[in-house]
Amino acid sequence: MSTVVEHVLAAPSRYVQGRNVIQKLGSHLKSLGSTPLLVADDVVWEIVEDSLAKGFEESDLPVTRVGFGKFATAEAVDSLVETLRNGGHDVIAGIGGGSTIDAVKAAGHLAGISWASVPTAASSDAPTSALAVIYTDEGEFVEYRFFPKNPDLVLIDTVLVANAPERFLVGGIGDALATWVEARAVAKTRAKTMVGDAPTYTGTALAELSWKILWENALDALDAVRSRTVTPALEAVVEANTLLSGLGFESGGLAAAHAIHNGMTAAPQTHGLTHGEKVNIGTLTQLIMEGAPSAEIEDFIVFSTKVGLPNSLAEIGLTPEDQKEIRAIAEAATVEGETIHNMPFTVTPELVAEAMTVAETLSRRIRAEHGLPEPQLYRAQH
Ligand SMILES: [Zn+2]
């Protein structure tokens with residue numbers, strides 16, 4: 001048999017973003033089915049119910065909603081599948097955070113019906129993707145589930161994003177900044193992406209566009225969230241965090257930054273940090289490992305400090321003396337099959353541990369040179 005090399009672009013069927021678009025959820029779901037099941041926890045439901053109900057009435061769709069616990073566990077997914085079958089639902093929509101959305105993706109896939117992501121914050125690039133992360137009741141990672149297709153609909157209301165906690169948007173920016181740094185490494189090696197044997201130029205280009213938009217708009221977008229307003233800068237960053245970063249990571253590929261993030265489960269000091277906060281340490285570590293120009297590393301530290309993202313060991317609860325934990329992170333980040341091996345050179349645990357260690361000194365020096373506050377030690381809450 002001759003070799004097959006697939007270049008794949010994966011994307012949701014429809015992406016809808018904007019002010020008050022939650023009111024249009026009904027009309028978008030109507031084209032996917034007639035008996036939707038909405039999944040949202042009580043806090044989210046309280047916020048969206050009224051504006052959503054109007055649109056459902058106009059579209060002549062019944063409003064059927066079930067609550068959701070804390071984590072996307074296998075049991076939570078199976079219970080949703082049962083609810084779907086008992087109620088004869090033909091489309092399911094997850095409204096809220098990452099866990100709700102992941103459980104809904106997995107349930108929709110198992111039930112063989114259409115599924116929609118309705119994130120209420122721009123805190124990661126997961127909503128557009130064709131994968132879900134399954135956890136235990138205690139919030140420990142169990143497995144990735146990959147689906148043969150992306151969501152049928154992703155709908156994100158920027159008024160909800162503007163009213164969500166600032167830290168959520170900060171995390172989304174951290175997740176999205178990594179996308180270009182990782183995709184350009186994968187573009188060099190033509191290594192595997194999340195969906196294909198090699199990246200598409202489209203995936204790589206969208207990752208770069210996400211990066212450009214963030215550098216121009218992230219700080220202004222954070223001001224918008226602090227004053228609970230929707231500005232063009234916020235709209236731009238929501239699109240970069242959610243759509244561009246989502247397409248960019250899936251079809252452009254991941255490399256060291258996310259692998260180092262994954263490795264941090266090995267260090268309890270880092271627990272409680274958001275996905276994007278941990279990813280940002282991974283991005284800086286990758287830049288150091290690959291020998292990026294010192295001006296680029298300097299810009300990255302200055303910019304991510306202004307955004308409010310950690311770029312030092314202290315800010316993830318570690319010191320350069322914690323070599324045992326740093327080594328454990330580095331070992332976990334370099335296990336076989338991790339995306340860190342998409343880098344254009346051989347990556348060993350030593351390389352990762354040394355880059356992480358030097359990040360502390362580097363970050364402190366550059367922050368001091370720019371009159372930025374020195375890193376504060378993060379303390380994990382148990
Ligand atoms: Zn991510």
Side-chain angles (χ1 to χ4, degrees), residues 10-12 71-72 97-102 105 117 119 121-135 139 141 143-147 150-151 154 156 167-186 192-195 199 203-204 206-211 213-214 218 237-265 270-287 300 304 307-311 316 329 332-333 337-340 342-343:
F71 297 111
S99 296
T100 310
I101 288 171
D102 276 5
K105 283 177 179 176
S117 306
S123 54
S124 88
D125 57 20
T128 59
S129 74
L131 66 93
V133 191
I134 303 300
Y135 292 95
F141 172 86
E143 58 170 348
Y144 287 110
R145 289 194 192 174
F146 293 90
F147 312 117
N150 294 63
V154 176
I156 183 161
R167 193 175 173 200
F168 288 4
L169 191 69
V170 170
I173 294 167
D175 196 23
L177 282 172
T179 306
W180 168 234
V181 176
E182 294 184 271
R184 71 183 185 189
V186 178
K192 268 194 191 306
T193 67
M194 307 310 280
V195 288
T204 310
L206 296 180
E208 185 171 23
L209 180 59
S210 166
W211 173 267
I213 288 176
L214 291 172
V237 168
V238 171
E239 186 177 332
N241 284 8
T242 316
L243 181 62
L244 294 169
S245 180
L247 301 181
F249 100 81
E250 229 179 353
S251 300
L254 294 175
H258 271 76
I260 292 163
H261 158 278
N262 296 343
M264 284 180 205
T265 49
T270 67
H271 295 178
L273 291 163
T274 65
H275 175 76
E277 287 169 339
K278 287 185 276 188
V279 166
N280 205 60
I281 296 293
T283 305
L284 176 60
T285 308
Q286 180 177 325
L287 289 172
F300 185 79
S304 63
V307 169
L309 286 162
N311 49 47
I316 57 164
I329 294 170
E338 254 302 356
T339 55
I340 206 162
N342 286 343
M343 294 298 292

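Source: prediction; values computed, not measured. Excluded from the calculations below are hydrogen atoms, water molecules and symmetry mates; all remaining heavy atoms, backbone and side chain alike, are included. All ligand and atom numbering here is 1-based and tracks the order in the structure.
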message = When you measure from the side chain of Asp102 to the backbone of Ala72, do you find a donor-acceptor pair of N or O atoms at a distance under 3.5 Å?
response = no

ask   = Does the Asp125 side chain pair with the main chain of Ala176, one donor and one acceptor, at a distance under 3.5 Å?
value =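 No.
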
remark   = The atom name of the N, O or S atom in His258 nearest to the Zn ion (ligand 1) is NE2

key: N/O/S atom name from Asp175 that is nearest to the position of the Zn ion (ligand 1)   =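 Asp175's closest N, O or S atom to the Zn ion (ligand 1) is named OD1.
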
ask   = Below 2.8 Å, any N, O or S contact between Asp125 and the Zn ion (ligand 1)?
value = no

key: Enclosure of Phe168 CZ (heavy-atom neighbours >12, cutoff 6.0 Å)   = no

message = Can you classify the ring geometry of Phe141 versus Tyr135 as parallel (below 30°), tilted (30 to 60°) or perpendicular (above 60°)?
response =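 Rings of Phe141 and Tyr135: perpendicular, over 60°.
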
